[in-house]
There are 2 protein chains.
Amino acid sequence: MTSTRIPTRTRILEAALAALRDEGIAGISARTIARYGDFNQALIFYHFGSVDALLVAVARSESERRSALYAEALRDVTSLRELVAVARRLHEEEFQAGTVAALTQMIAGAVGTAELAQGIREAFEPWTKLVGESIARVLADTPYVGILPEGDLTTAVAALFLGIELLVGLDPDAAAGESLFTTMESVATLVDGLLLHVVPEPDPSRP
Amino acid sequence: MTSTRIPTRTRILEAALAALRDEGIAGISARTIARYGDFNQALIFYHFGSVDALLVAVARSESERRSALYAEALRDVTSLRELVAVARRLHEEEFQAGTVAALTQMIAGAVGTAELAQGIREAFEPWTKLVGESIARVLADTPYVGILPEGDLTTAVAALFLGIELLVGLDPDAAAGESLFTTMESVATLVDGLLLHVVPEPDPSRP
DNA sequence: GTCTATAGTCGGATAGAC
DNA sequence: GTCTATCCGACTATAGAC
């Protein structure tokens, strides 16, 4: 796990992610991160220059990893239900690792630090682009193309999932388990019907 | 503005809110807050005991203020469109003051500080209850009562609006202006139609 | 590349004068 | 209730030995 074969740069990135997840942005410091990775605090400055620069590097690394993992699934999305299904898979796979929570903390920490905000924004541009394209495909061939602005819908979807992770951080019980995403899949199925002008019957046994 | 007639306790609460909004949770400290309110740093500990306790007091105060301001409007809500309209009004009225952004920062900061999380959760219980009741009324008299769990929907709605403020903090241009909420009102109107099983313009040529 | 040591700053919190 | 003064731990960042 903590094998010496893993390059220090990577170890620092992983430690920063873990610290962000567990301690939150308010508890982040070079010393905290070093404790998580069991390396010397000074290495952070040697490899990344500053703590903020390290956080931007974490954002970039996470954005790339995530794009690689979910790009294929996202490209197949043509309905809202499918989009929520990908989101659910992402939530289930990433929740334990706490990577979305870490991202949420970074975004929250970017307030009042303009360069950190810009770095994170740029780091996640490829990812938001992927999500935006999926939403465009959901809208395509529905009567609402050109009526509902894709940019706003993308923002709303991104906001929804970031907000969920934020609330999960506040109250792990509230959004835990399958219930929340199951409900959202139900709603998405209903809206998909609406998009196609077909109203499905209410289903007493939620899928 | 900085009149001596305002009790110190209030001045501290307001300064903490402003500091939270401008500097974010990562930049919060007794000294930062004292600078914002132009009072002595030691007063925070005299009046509130600790910085964390002050933050919980801010959450309580904001929850009460908000409940008082929007309870009436929320009680009239019986459709999703009306709920989004209240959210839009809240966003427009509170955005400049930055109170939602401050709350977002508090929630983000609560990660890894269990007692802070519990304090904030309790502080906002009356408010989430109000929102939950509105959603219950939206669902009432639709075929989906008892099928779609209100708790999950409340969580999703709360998450959506928290996430929006989080993203606005990251990129003020992205969610600025009227566009985002106008789009959400459009979507809400469509979904309202769905909830009542009334499809705007049936199109038999589409399966 | 990684370590120790340290400068210099800022933080929470308290004691005690007024 | 509000102030000054202060303890002391934690922080960023750098210098320099290895």
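When reading the values below, keep in mind they use all heavy atoms of this one structure, side chains included, and skip hydrogens, waters and symmetry mates. By convention in this document, chain letters (A, B, ...) are assigned in the order of the sequence lines, proteins followed by strands, and residues within each chain are numbered from 1.
The listed nucleotides are D:dT2, C:dT2, D:dT14; the one nearest the side chain of B:Tyr46 is D:dT2. For B:Arg31, counting side-chain heavy atoms from C-beta on, the closest listed nucleotide (D:dT6, D:dC11, D:dT2) is D:dT6. If you check C:dG12, C:dT4, C:dT14 against the side chain of A:Asn40, the one that comes closest is C:dT4. With distances taken from any side-chain atom of B:Phe45 to the nucleotides D:dC11, C:dA13, D:dT2, the minimum falls on C:dA13.
Straight-line distance from the CG atom of A:Leu43 to the P atom of D:dT14: 15 Å, rounded to whole Å. Between A:Gln41 atom CD and D:dT14 atom C1' there is a gap of 10 Å when expressed in whole angstrom units. If you take CZ of B:Arg9 and C1' of D:dT2, they are 16 Å apart, rounded to a whole angstrom. Whole-Å rounding puts the A:Glu23 CD to D:dC11 P distance at 10 Å. Put simply, CD1 on B:Ile44 is 13 Å from C1' on D:dT2, counting in whole angstrom units.
Proximity of B:Thr8 to B:His47: side-chain heavy atoms (C-beta onward) are separated by under 4.5 Å at one or more points.
Taking a cutoff of 4.0 Å between a charged side-chain nitrogen and a carboxylate oxygen, B:Arg137 and B:Glu133 do not qualify as a salt bridge.
The stretch residues 47-60 of chain A touches DNA chain D through A:Ser50, A:Val51, each having a heavy atom under 4.0 angstrom from the strand.
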CA sep, side-chain torsions, deciding dist, call: A:Thr128, A:Arg121, side chain to side chain donor-acceptor pair (under 3.5 Å): CA-CA 9 Å; A:Thr128 48; A:Arg121 214 163 49 227; over 6 Å; no
Worked check of salt bridge (Lys or Arg N to Asp or Glu O under 4.0 Å) between A:Glu64 and A:Arg60: CA-CA 6 Å; A:Glu64 281 169 16; A:Arg60 212 184 309 272; 5.9 Å; no
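The side chain of B:Thr32 contributes no N or O atom lying less than 4.0 Å from OP1 or OP2 of C:dC10. The side chain of B:Thr8 contributes an N or O atom lying less than 4.0 Å from OP1 or OP2 of D:dT2.
Partner B:Arg65 forms a salt bridge (charged side-chain N to carboxylate O under 4.0 Å, His left out) with one of B:Glu94, B:Glu93, B:Glu14 and no other, that one being B:Glu94.
Between A:Phe181 and A:Phe161, the ring-plane angle classifies as parallel under the 30° and 60° cut-offs.
Taking a 6.0 Å sphere around CD of B:Glu115, one finds it holds 12 or fewer heavy atoms contributed by other residues, nucleotides or ligands.
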